[in-house]
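What follows is one structure encoded as structure tokens, with my remarks underneath.
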Amino acid sequence: MEADIIIKNGKCMTMKNRETADWLAIKDGRIAAIGGGNQYEPMAEQAGLILDAKGGTVLPGFIDSHFHVVQTAINSQSLDLREVCCFEEIGEKIRQASMEKPGESIIGIRLEVGQLREGILPDRLVLDQYCSNVPVWINSLDYQVSMLNTYGLLYFKIPFSIEGVEMDSQGVATGIFRGKANATLRTNILDHIPDKERREAVSRLMPQLLSTGITTINAMEGGNMYSDKDADFIYEYSEEFPVDIALFYQSMDIEKIKNLYLNRIGGSLYIDGTMGARTAALSFEYADCPGRMGSLRFSQPELNEFVTECYRNNMQLSVYTIGDRAIEMALNAHEFALYHTGIRGLRHRLEHVELSDDRQMERAAEMGIIFSMNPTYEVYWGGKGKMYEQRLGERYVRTNCFREIIDSGVCICGGSDSDITEFNPLIGISAAINHQVEYHRASVYETLEMYTCNGAYAIFEEEEKGTLEVGKLADVIILDGDIMMTKKEKIQDMSVLSTIKSGELIYNRL
């Protein structure tokens with residue numbers, strides 16, 4: 001047998017039945033052989049390339065199951081405000097940007113009000129102090145709030161009558177947009193980005209993904225808060241890029257999705273909001289805002305009708321649910337649809353699922369519903385003193401309970417929600433293994449499943465990828481150590497040495 005590439009001396013984790021191997025061979029874009037010892041040696045003389053893993057872990061390529069591709073790509077050129085702690089630090093970044101690119105609009109991302117000494121978001125008067133001659137648009141970390149300077153307020157022309165435009169005591173817009181106003185503003189701005197800029201930005205992103213071992217992403221594009229032009233771009237041009245892109249078109253227009261010959265719908269199709277903005281729908285009051293329990297975007301009958309239509313059209317549905325009340329509504333809708341159609345096997349998904357209870361897990365398992373979760377949230381917001389505890393009080397110990405979800409029989413696939421959090425899968429893997437609440441922790445192997453075989457299953461691609469098996473697509477990565485022997489707290493510091501996509505070595509540090 002001939003081979004194009006042989007990987008030897010590896011800890012090859014097939015991600016099937018916990019089987020391991022020492023080497024694998026690749027031919028014509030697929031895995032041609034896999035085995036133990038030195039059985040690869042007869043192929044070695046004819047092999048085009050031999051990679052020595054030197055005891056490092058060899059895995060199927062990582063699958064990021066929740067990724068905003070165009071937003072991540074475009075925002076890579078924006079001001080990252082994640083670490084700022086006061087208005088003056090925001091202003092310094094704005095001043096620097098205006099000097100480096102005079103005359104161009106300024107966009108800032110990842111601003112967290114909880115980190116600001118002032119304890120409030122900057123309004124237009126604050127932003128005007130640092131830049132008043134071009135539009136300045138600042139986004140909160142969860143994209144639920146936008147802030148504009150006065151120039152931006154006039155430039156983007158969002159009607160002040162829309163719900164969510166904050167007004168001061170004199171009835172004048174402050175430049176802070178929430179809810180519908182924020183969604184309208186964001187869509188209006190993103191709609192005006194030309195496809196040429198999208199293509200250039202996504203092309204720049206690809207090498208970064210490959211360097212972290214990502215070979216497949218689930219692209220959550222279009223719809224409320226984003227732009228349908230992003231989804232249309234991914235639909236039209238995804239095959240140009242080296243990373244596989246599974247499009248989740250964030251729309252409720254079933255006929256439109258059918259006409260595109262897509263077999264899935266949704267993604268960040270909002271049932272509720274975020275905990276940071278106190279709009280995630282809870283069954284109890286927010287600890288830091290008594291009387292407030294978040295909000296739902298649909299009535300139960302409305303969601304029942306939509307979900308049932310997805311079932312009847314044999315369309316996989318993915319919806320955004322964070323709070324327990326939103327999860328409850330989604331599960332109710334699925335039970336209604338299942339009762340009225342009897343259709344199973346569509347692998348419907350709930351995205352995020354940050355606050356599920358035991359009974360909800362059981363019901364999801366019974367219906368075969370997948371939880372698409374973002375472990376890195378626990379790094380940002382989990383544990384004592386962080387946002388979850390601020391919002392939920394003692395109930396913060398209930399967030400992202402991976403252990404219980406896995407034990408209930410629900411399939412979890414892992415994603416980053418990039419660019420809200422970093423897209424490096426090793427950070428997400430580490431977060432699930434080292435959950436801030438110990439009894440929620442998943443094992444190393446279980447967490448790797450989230451980013452490999454479970455990720456493939458969640459998009460109906462388990463016959464092609466997600467495990468290292470003869471005949472499957474050769475999406476393979478090599479880590480710089482044995483992940484099963486690495487101290488759990490050090491896993492996030494591991495790195496990818498090589499990424500092979502469809503049999504082609506396209507990232508390599510060996």
Side-chain angles (χ1 to χ4, degrees), residues 14-17 29-31 59-67 69 214-222 231 234-235 238-239 241 243-251 254 256-269 307-320 330 334 337-338 341-353 364-374 405-406 409-416 425 448-476 501-502:
T14 68
M15 302 312 299
K16 182 180 181 182
N17 302 324
R30 296 191 173 268
I31 298 173
L59 287 164
F62 288 136
I63 299 172
D64 189 313
S65 294
H66 192 106
F67 200 109
V69 179
I214 295 173
T215 55
T216 300
I217 50 181
N218 294 182
M220 310 291 165
E221 310 293 326
I234 294 298
Y235 177 81
S238 62
E239 293 186 2
F241 304 109
V243 171
D244 289 341
I245 303 177
L247 173 61
F248 283 71
Y249 204 124
Q250 297 171 160
S251 171
I254 293 175
K256 175 180 179 177
I257 302 305
K258 285 171 61 178
N259 290 335
L260 294 173
Y261 299 100
L262 296 173
N263 58 5
R264 63 176 65 94
I265 189 170
S268 283
L269 194 60
V307 173
T308 301
E309 284 304 303
C310 291
Y311 273 69
R312 286 175 175 152
N313 284 279
N314 291 307
M315 194 168 285
Q316 182 187 30
L317 171 63
S318 182
V319 296
Y320 172 117
H334 278 289
L338 184 58
T341 68
I343 298 171
R344 290 183 174 270
L346 293 174
R347 302 183 192 176
H348 301 296
R349 298 167 39 146
L350 301 187
E351 305 294 321
H352 305 316
V353 207
E366 289 168 3
M367 291 186 283
I369 291 175
I370 296 164
F371 284 5
S372 172
M373 301 182 71
N374 311 102
I405 294 169
I406 293 168
V410 172
C411 174
I412 303 178
C413 59
S416 63
L448 288 173
E449 288 182 312
M450 296 181 197
Y451 289 85
T452 55
C453 53
N454 290 3
Y457 177 83
I459 50 174
F460 290 88
E461 293 189 14
E462 71 272 19
E463 297 299 320
E464 280 287 286
K465 59 183 66 167
T467 58
L468 301 179
E469 296 182 74
V470 172
K472 285 197 171 181
L473 200 63
D475 289 359
V476 185
K501 179 71 190 82
S502 301

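Annotation: the span from Leu260 atom CG to Tyr235 atom OH amounts to 4.5 Å, rounded to 0.5 Å. In this structure, CD1 on Ile343 lies 8.5 Å from CZ on Arg312, to the nearest 0.5 angstrom. Ser65 OG to Phe248 CZ: the interatomic distance, rounded to the nearest 0.5 Å, is 7.5 Å. Between the CG atom of Leu317 and the CG atom of Leu350 there is a distance of 8.5 Å, given to the nearest 0.5 Å. How far CD of Glu463 is from NZ of Lys472: 6.5 Å, rounded to the nearest 0.5 Å.
Here the closest heavy-atom approach between residue Phe371 and residue Ala364 is recorded as CE1-CB, 3.6 Å. Residues Val319 and Ala330 come closest through the heavy atom pair CG2-CB, 4.2 Å. Closest heavy-atom contact between Ala219 and Ile234: CB-CG2, 4.3 Å. Closest of all the heavy-atom pairs between Cys310 and Leu346 is O-CD1, 4.5 Å. Of all heavy-atom pairs spanning Gly466 and Ala456, the tightest one is CA-CB, 3.9 Å. A pairwise comparison of heavy atoms in Leu247 and Ala231 identifies CD2-O, 3.8 Å as the closest pair.
Between the side chains of Asn218 and Arg349, at least one donor N or O sits under 3.5 Å from an acceptor N or O. Looking only at atom types and distance, the side chain of Lys256 has no donor-acceptor partner in the side chain of Ser251 under 3.5 Å away.
Between Ile406 and Ile412, the closest side-chain pair of non-hydrogen atoms falls below 4.5 Å. By the 4.5 Å heavy-atom criterion applied to side chains, Thr467 and Thr14 are not counted as neighbours. Counting heavy atoms from C-beta on, the side chains of Ile63 and Glu461 never come closer than 4.5 Å. Looking at His66 and Cys413, their side chains never come closer than 4.5 Å, going by heavy atoms from C-beta outward. Counting heavy atoms from C-beta on, the side chains of Thr215 and Phe62 never come closer than 4.5 Å. Side chains of Met315 and Lys258 form a contact here, defined as non-hydrogen atoms less than 4.5 Å apart.
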message: Could you walk me through whether Asn314 and Asn263 satisfy the side chain to side chain contact (heavy atoms under 4.5 Å, CB included) test, starting with their C-alpha distance in whole Å, then the side-chain angles of each, then the deciding distance to 0.1 Å, before giving a yes or no?
response: CA-CA 7 Å; Asn314 291 307; Asn263 58 5; over 6 Å; no

task: Show your working on side chain to side chain contact (heavy atoms under 4.5 Å, CB included) between Lys501 and Leu473 and close with a plain yes or no.
output: CA-CA 8 Å; Lys501 179 71 190 82; Leu473 200 63; 3.7 Å; yes

task: Give the C-alpha distance, both sets of side-chain angles, the deciding distance and a yes or no for side chain to side chain contact (heavy atoms under 4.5 Å, CB included) between Ile459 and Thr216.
output: CA-CA 10 Å; Ile459 50 174; Thr216 300; 4.0 Å; yes

message: Run the side chain to side chain contact (heavy atoms under 4.5 Å, CB included) test on Asn454 and Ile370 for me, step by step, so that the C-alpha distance in whole Å, both residues' side-chain angles and the decisive distance to 0.1 Å come before the verdict.
response: CA-CA 9 Å; Asn454 290 3; Ile370 296 164; over 6 Å; no

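Within the 3.5 Å criterion, the main-chain N or O of Ala458 finds a donor-acceptor partner in the side chain of Gln316. Using modelled atom types, one side-chain atom of Asp64 and one backbone atom of Ser416 make a donor-acceptor pair closer than 3.5 Å. Looking at Tyr451, its side chain never comes within 3.5 Å of a backbone N or O of Pro425 through a donor-acceptor pair. Put simply, the side chain of Gln250 gets close to the backbone of Gly222: a donor and an acceptor are under 3.5 Å apart. Using a distance-only test at 3.5 Å, with no hydrogens or angles considered, no donor-acceptor pair links the side chain of Arg264 to the main chain of Ser318. Although no hydrogens or angles enter the test, the distance criterion places a donor-acceptor pair under 3.5 Å between the side chain of Arg30 and the main chain of Gly471. The backbone N or O of Ser502 lies less than 3.5 Å from a partner atom in the side chain of Asp475, making a donor-acceptor pair. Between the side chain of Glu221 and the main chain of Val69, a donor-acceptor pair closer than 3.5 Å is present.
Among residues two or more places apart in sequence or in another chain, the ring-ring contact (aromatic ring centres under 6.0 Å, His included) test is passed with Tyr311 by His334, His348.
Aromatic ring pairs are classed by plane angle as parallel below 30°, tilted from 30° to 60° and perpendicular above 60°; the pair His352 and Tyr320 is perpendicular.
In summary, of the residues considered (Glu462, Glu449, Glu469), a salt bridge (charged side-chain N to carboxylate O under 4.0 Å, His left out) with Lys16 occurs for Glu469 alone.
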